[in-house]
Every structure is written in C-alpha cells, then in structure tokens.
Amino acid sequence: MSTLKVNGSRIFDLVDNKAFETLQNDINLSYSQLIQKTGKGNDFLGWLLLATETLNSTLIKEINIEAKKIQQQSEIVVVVGIGGSYLGTRAVIEALSSNFHSFQKNDTPEIIYAGQNISEDYLFDLLELLNTKEYSIIVISKSGTTTEPALAFRLLKNHLEKKYGKKNAKDRITAITDKEKGALKKLADKEGYTTFVIPDDVGGRYSVLTPVGLLPIAMAGFDIEKLLLGADQMQKELYTSSDLLENPACMYAAARNMLYRDKKSVEIFVSYQPNLHYLSEWWKQLFGESEGKDHKGIFTASVNFTTDLHSLGQYIQDGKRMVFETMLHIDAPKHTLKVPFVDEDADELNFMANKRINDVNKMAALGTTIAHTDGGVPIIDIHLPEMNEYNLGELLYFFEFTCGVSGYMLGVNPFDQPGVEAYKNNMFALLGKPGFEEKQKEILRKIT
Ligand code: PA5
C-alpha cells in the first residue's frame with residue numbers, strides 16, 4: 001500500500017447521484033485511454049512504466065557512478081536546463097535537502113541552476129561565483145535546441161575551458177539529451193562528454209524519473225532507487241482500479257474536473273513547508289502546461305502557508321469565488337523543535353510553550369481549512385506521512401498519472417505544448433535568426 005492519502009471525496013457531496021455516476025463514467029474512459037494508450041499524445045506515455053523498467057536495468061548503477069565522479073571533483077555543480085528539464089530536479093532536491101543547503105551531506109557539492117532565464121546579471125553573477133570554485137556542469141535539454149539552456153551552456157563551457165583547459169573541461173561536463181537528435185547531442189558527441197539519454201516517449205514535464213532528475217538527485221546525495229521504488233509502488237496501486245473512491249489519482253482528477261465544470265477555474269497548490277516551493281513550481285508546470293490549451297484548462301497557482309496567508313490569504317478568503325485549493329500536508333517533520341517557555345512571557349506565547357512547532361503549523365493549517373471552507377473555497381487534501389525519497393517518488397507519479405487522466409477528461413492532449421512556440425518564434429524573428437525573415441516583417445508591422 002502506498003503511504004499517500006487524498007481526501008477529495010467530500011467534494012463529491014456537492015453533486016447528486018446521477019452527476020456522480022457521470023463523473024465515474026468520464027473517469028473510466030480517461031483512465032482506460034491512459035493505461036491502454038489509446039488517447040491523444042499516446043506516443044509520450046513512456047513515463048507510465050518507467051520506474052519499473054529503470055529498477056530492472058543497469059541505469060541506476062551507471063548514474064550513481066557518474067554522480068560519485070562529479071561529487072569528488074566539485075564544490076559546486078551547475079545544473080543547466082529549463083521547464084521540464086529543470087523543475088522536477090530542483091523540486092526533489094529542495095524537498096529532501098536542508099532549507100539552507102541543496103545537498104544531503106557535507107561531502108556532496110552545492111547545486112545551483114542556470115539556463116532557466118536570460119538574465120545578463122544572473123549569468124554574470126554566476127560566472128563570478130564560479131571563478132573561485134571547483135565546479136562541474138550537468139546540461140539537460142531533450143530537444144537540445146532550447147535557447148535559454150543553450151545560451152547559458154555556451155557561456156559556462158567557455159568559462160570552464162578557460163579555467164581547466166579544453167581537455168580537462170570535457171570531464172567536468174555531463175550531457176542529458178536525446179539519443180540522436182539536437183545540437184546538444186551533436187556537440188556532446190564531438191567533444192566526448194559523458195551522455196545520458198532522455199527516452200523518446202517521455203516529454204519534459206514527465207521526465208523527472210529519467211536521468212534528467214535522477215543524475216542531479218543522486219549527485220546531491222539522495223537515494224534514487226528509493227525514489228523509483230515509491231513511483232513503482234504508486235503505479236501498481238493506480239493500475240488496480242478506476243473507482244474514484246478507491247484510486248487516489250482518479251479521485252483527484254474527478255474532484256478537480258468537477259470543480260472546474262462548476263466555474264472554479266483556478267487551482268491553488270498549498271504547501272506548509274518552504275522547501276516545497278519548487279515542488280509547487282513543478283506541479284504548476286505539470287498541470288498548467290498539460291491542460292492549458294484549446295482555450296480550456298484550470299489555471300494553476302501556488303502559495304506557501306503560512307507565509308502567503310499574510311499576502312494572498314486575503315484574496316483566497318474573500319476575493320472572487322473562482323478558486324479551489326489542493327493542500328499538501330507533510331504530517332511529520334524530520335526534526336523536533338519545541339516552543340520554549342519564558343518566565344516573563346512578554347510575547348504572550350506561553351500558552352503554546354512545550355508544543356512542537358509542527359503542532360502549531362498543523363493548527364494553522366486546520367484553522368485555514370475551516371476559514372477557507374467557510375469562505376466558499378473547496379479544498380482537496382493530500383497527506384504524506386513524512387518527506388523522504390520513497391514517499392516523494394509516490395507523490396510525483398501520483399501527480400503525473402492524475403494529470404494524464406485529468407487532461408483526457410478535459411478533452412485535451414496532456415502531452416504536448418504547442419503554445420510554448422509562440423514567444424520563441426517572435427524572439428528568433430526579432431533577433432534576426434536566419435529563416436525567420438517573414439515573421440520579422442510581420443512583427444515589425446505590428447509594433448511600428
Ligand atoms: O515539458 C516540456 O516539454 C517543456 O517544459 C520542456 O521541458 C522545456 O521547454 C525544455 O525543453 P528541452 O528539454 O527540450 O530543452
């Protein structure tokens with residue numbers, strides 16, 4: 001049995017038996033499209049059974065060997081990538097790390113990220129930092145042609161080669177990309193970088209359990225086998241039934257689609273732990289990029305409580321009634337810390353003295369749930385007993401599977417992202433990329 005628990009069933013109290021039956025029928029159809037691979041985008045379903053396949057292969061061993069090599073030679077590792085080639089990695093590493101370091105043990109390097117923006121100051125500051133550190137690069141791009149990581153990698157490669165010499169620099173670069181296509185693959189072959197493959201049938205935002213996530217996560221000192229075992233367990237559980245009161249992914253997919261049909265068009269992902277910020281970012285991309293198309297889809301947003309109760313909390317409680325929340329609760333923290341008793345009680349907090357900080361956080365969550373429910377905001381709760389590799393593996397797979405079922409329920413292809421091209425084409429035209437002359441004329445007519 002998996003350890004993850006979803007409580008979305010109270011959402012179904014809002015509908016009568018007939019509507020509930022329709023929901024179950026819709027779920028049955030989408031569920032079978034997903035696992036029978038008969039729906040739209042079915043050539044991108046390699047992630048469904050990926051954990052089992054990886055556990056049965058030599059890949060974990062190969063990744064751990066490469067991770068060790070990188071650890072030994074680096075104080076810092078720069079992970080270069082954007083979107084699905086970056087967010088899952090960062091989500092897992094930050095969720096498992098100390099809040100103040102991006103690694104598990106002191107003998108593992110600090111991890112920093114590049115290629116996820118085009119900020120000159122960010123890249124300048126990065127190169128300044130790397131002047132004084134021993135470092136390596138993991139460059140990740142499935143297409144191998146994405147501008148942001150390609151640009152950052154060009155700068156970093158230059159810097160690395162100047163620092164270590166071309167011959168030594170090549171041993172400090174690992175490329176994760178397509179098995180044959182793209183500029184990065186060509187460059188990696190020419191320069192002789194160690195390379196790992198992103199499977200053809202796994203799209204970016206579903207790729208965290210491929211080398212895209214596994215290598216940096218292993219390198220940060222975490223147990224990738226446990227992560228995969230968690231995902232594998234969740235896959236087995238989700239494959240047993242599409243009953244939406246039994247299958248947590250079907251329950252979540254049904255609840256969010258029901259709310260969307262009821263004009264709740266914004267879903268806010270809520271976490272109560274600051275180191276889950278990037279898990280929220282990954283979740284937003286997963287659902288937002290998968291479902292936001294054909295002028296449909298839930299807009300995905302996120303908040304971190306209690307921090308954001310002092311900013312967006314007001315809107316959620318009292319603003320336009322178009323939102324619902326999905327709250328992720330991590331039941332037990334990794335460490336123990338109690339509220340101290342102080343004689344003078346100047347801050348008047350002695351009433352909570354000797355309580356664990358986590359109990360205070362839990363009461364904040366419960367208080368918020370009651371207030372938001374009273375304020376007309378439906379809430380779906382997801383509980384993990386604690387944060388560790390295994391439970392996180394379950395959670396990642398659970399979200400990916402839900403997203404597939406939910407996207408099919410909505411009637412879209414959850415595995416493509418045609419809308420992402422629009423800004424890129426304009427940017428290329430504006431920068432004068434060969435082949436974009438017509439587009440450039442069209443844009444200039446619009447803006448002059
Ligand atoms: O989910 C996706 O497919 C995208 O977010 C991609 O991961 C992102 O655009 C980066 O693409 P690539 O890995 O080809 O550089």
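Numbering of ligands and ligand atoms starts at 1, following listing order.
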Let me know which protein residues bring a heavy atom to under 4.0 Å of ligand 1; chain then number is fine for ordering.
->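 Correct list: Ile82, Gly83, Gly84, Ser85, Ser141, Lys142, Ser143, Thr146, Gly204, Arg205, Gln285, Glu289, Gln417.
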Give every donor-acceptor pair under 3.5 Å between a side-chain atom in residues 267-274 and any protein atom, sequence neighbours left out.
unit_1	atom_1	unit_2	atom_2	d
Glu267	OE1	Arg256	NE	2.8
Glu267	OE1	Arg256	NH2	2.8
Glu267	OE2	Tyr252	OH	2.5
Glu267	OE2	Thr326	OG1	2.5
Ser271	OG	Asn304	ND2	2.9

State whether Asp381 and Arg10 are salt-bridged, where the test is any N-O pair (Lys NZ or Arg NE/NH1/NH2 against Asp/Glu carboxylate O) under 4.0 Å.
-> yes
Between Tyr206 and Phe44, is the gap from one ring center to the other below 6.0 Å?
-> no
Anything under 30° is parallel, anything over 60° is perpendicular, the rest tilted; go ahead and classify His383 against His329.
->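 Because their plane-to-plane angle is under 30°, the rings of His383 and His329 count as parallel.
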Report, as yes or no, whether the 6.0 Å neighbourhood of atom CZ on Arg261 holds more than 12 heavy atoms from other residues, nucleotides or ligands.
->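 Correct, the count exceeds 12.
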Check the pair Asn247, Ser242 against side-chain hydrogen bond (donor to acceptor under 3.5 Å, both in side chains), reporting the backbone distance first and the verdict last.
-> CA-CA 6 Å; Asn247 180 317; Ser242 63; over 6 Å; no
